[in-house]
Amino acid sequence: MISVVMISMSAYVVARMEFKGKALVNVLLYSTMFIPATALTYPVYNLVNRLHLYDTRSALILIYSCSGIAVSFFVIKNYYDNIPRELEEAARIDGCGYVQTWMKVIFPIARPGIMTAAVLAFLNNWNEYYWASLVLITREKLTVPALLSTFTTAFNTNYNGLFSAMVIIILPPVLLYCIFSRFFIEALSGGAVKG
C-alpha cells in the first residue's frame, strides 16, 4: 500500500506536469528494472543493519516498499496518460489544486490501473523469498515462502507441512484475482474504445 500510494502520486506528476529533468526521471526509473536483486544485496543488508532493523518486519516493509517501483510506476503512468486533460482543466476552473484534482478527479478514474499495479506489487511481494530469508532469522517472523525452506532438510522432508504451506501460498493470490479481476479487465481495455 505504501509503495502504490507514493508511486501513484509521483506518476501523476511525471505524466501530467512539465519540468526540467522529466526525461531523466523516466530513464532512471527504466534503468532500475535492469538491476538484479543480488546486486543490491550488500547495500540493502548494510542499510538494514545500520538502521538496526535486522530480523524485524520493518526491514521487510522498507524493502518491499522500494521494490518493484519501476513496473508499478509505468503501469500507473500509462493509465494516467490515457485520461483526458480536459477533466483536470475543469477541476482547476472549479478551484481544485493539484492534490484535490488528483484525489477527487484523477484517482477515481485511474482506479483500475492503480489496482492492477497494487495486485502486481502484492503478488511480487507475496511470492518473494530472497529478501525475507536474508533479513529475517526468527522462525515466527519468516514469510510463508521463506518458511517453506524449513520443511526440507538434507535427511527428511515434512510433506504434510510443505503441502499445507503451499496451499496457503497459492490461496490468497487466487482469491485476490477473483475479487479484483474486473479491475484487470478495465485496465486492459481502458484505451481500446474511444467515445
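What you are looking at is a predicted structure, and each value in this text was computed from that prediction instead of being measured. Numbering of residues begins at 1 and proceeds along the displayed sequence.
- Judged as a side chain to side chain donor-acceptor pair (under 3.5 Å), and not counting sequence neighbours, the contacts of Asp81 are Lys77.
- For the residue pair Ala70 and Met33, the shortest heavy atom distance occurs at CB-CG, 3.3 Å.
- Nearest heavy-atom pair, Pro108 versus Lys104, reported as atom, atom and distance to 0.1 Å: CG-O, 3.6 Å.
- A distance of 13.0 Å separates CD1 of Ile106 from CD1 of Ile76, quoted to the nearest 0.5 Å.
- The side-chain heavy atoms of Arg16 and Ile83, taken from C-beta on, include a pair separated by under 4.5 Å.
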Identify all side-chain donor-acceptor contacts of residues 132-140 below 3.5 Å with residues at least two apart in sequence or on another chain.
residue	atom	partner	partner atom	Å
Ser133	OG	Tyr129	O	3.1
Ser133	OG	Tyr130	O	2.9
Thr138	OG1	Asp55	OD1	3.3
Thr138	OG1	Asp55	OD2	2.5
Arg139	NH1	Thr150	OG1	3.0

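- Partners of Leu40 by side-chain contact (heavy atoms from CB on, under 4.5 Å), not counting sequence neighbours, listed by chain and number: Ile35, Val44, Trp131.
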Pair Leu120-Asn124, side chain to side chain contact (heavy atoms under 4.5 Å, CB included): steps then yes or no = CA-CA 6 Å; Leu120 290 174; Asn124 184 36; over 6 Å; no
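- With rounding to the nearest 0.5 Å, the separation of CG in Leu60 from CG in Asn125 is 9.0 Å.
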Would Ile114 and Tyr79 satisfy side chain to side chain contact (heavy atoms under 4.5 Å, CB included), going step by step from the backbone distance to the final call?
-> CA-CA 8 Å; Ile114 293 169; Tyr79 206 86; over 6 Å; no
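- Taking the side chain to side chain donor-acceptor pair (under 3.5 Å) definition, one finds that Arg85 meets it with nothing, sequence neighbours left out.
- Under the side chain to side chain donor-acceptor pair (under 3.5 Å) criterion, Lys141 pairs with no residue, sequence neighbours left out.
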Report, one line per pair, each donor and acceptor closer than 3.5 Å where one atom sits in a side chain of residues 158-175; sequence neighbours left out.
residue	atom	partner	partner atom	Å
Asn158	OD1	Asn160	N	3.4
Asn158	OD1	Gly161	N	3.1
Ser164	OG	Asn160	O	2.8

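- Nearest heavy-atom pair, Ser58 versus Leu53, reported as atom, atom and distance to 0.1 Å: CB-CD2, 4.0 Å.
- Applying the ring pair (Phe, Tyr, Trp, His ring centres under 6.0 Å) test to pairs two or more places apart or on separate chains, those with a residue in residues 23-44 are Tyr30-Phe74.
- Take Val5 and apply the side-chain contact (heavy atoms from CB on, under 4.5 Å) test, not counting sequence neighbours, and it matches Met9.
- In this view, Arg92 and Tyr12, Glu88, Tyr98, Thr101 satisfy the side-chain contact (heavy atoms from CB on, under 4.5 Å) rule, not counting sequence neighbours.
- Between Thr32 and Leu29 the shortest heavy-atom distance is OG1-O, 2.6 Å.
- Under the 4.5 Å side-chain heavy-atom criterion for grouping Ile, Leu, Val, Met, Phe, Trp and Tyr, Ile63 is not connected to Met1 through any hydrophobic cluster.
- Remark: Phe122 pairs with Trp126 by the ring pair (Phe, Tyr, Trp, His ring centres under 6.0 Å) rule, at least two apart or across chains.
- For the atom pair CG of Leu51 and CG of Asn46, the computed distance is 9.5 Å after rounding to the nearest 0.5 Å.
- With sequence neighbours left out, the side-chain contact (heavy atoms from CB on, under 4.5 Å) criterion links Asp94 to no other residue.
- Of all non-hydrogen atoms in Phe73 and Ala11, the two that sit nearest each other are CE1-CA, 3.5 Å.
- Rounded to the nearest 0.5 Å, atoms CG (Leu62) and OG (Ser3) are 11.5 Å apart.
- Grouping the Ile, Leu, Val, Met, Phe, Trp and Tyr side chains by contacts below 4.5 angstrom, directly or via other members, places Met6 apart from Leu28.
- For the residue pair Val4 and Ala118, the shortest heavy atom distance occurs at CG2-CA, 3.7 Å.
- Hydrophobic clustering of Ile, Leu, Val, Met, Phe, Trp and Tyr side chains at less than 4.5 Å, counting indirect connections, unites Met17 with Leu87.
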Worked check of side chain to side chain contact (heavy atoms under 4.5 Å, CB included) between Phe19 and Val25 = CA-CA 10 Å; Phe19 56 91; Val25 170; 4.3 Å; yes
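- Among residue pairs with one or both ends in residues 50-69, those qualifying as ring pair (Phe, Tyr, Trp, His ring centres under 6.0 Å) are Tyr45-Tyr54; sequence neighbours excluded.
- Of the inter-residue distances, the one linking Ile61 atom CD1 with Cys66 atom SG reads 12.0 Å to the nearest 0.5 angstrom.
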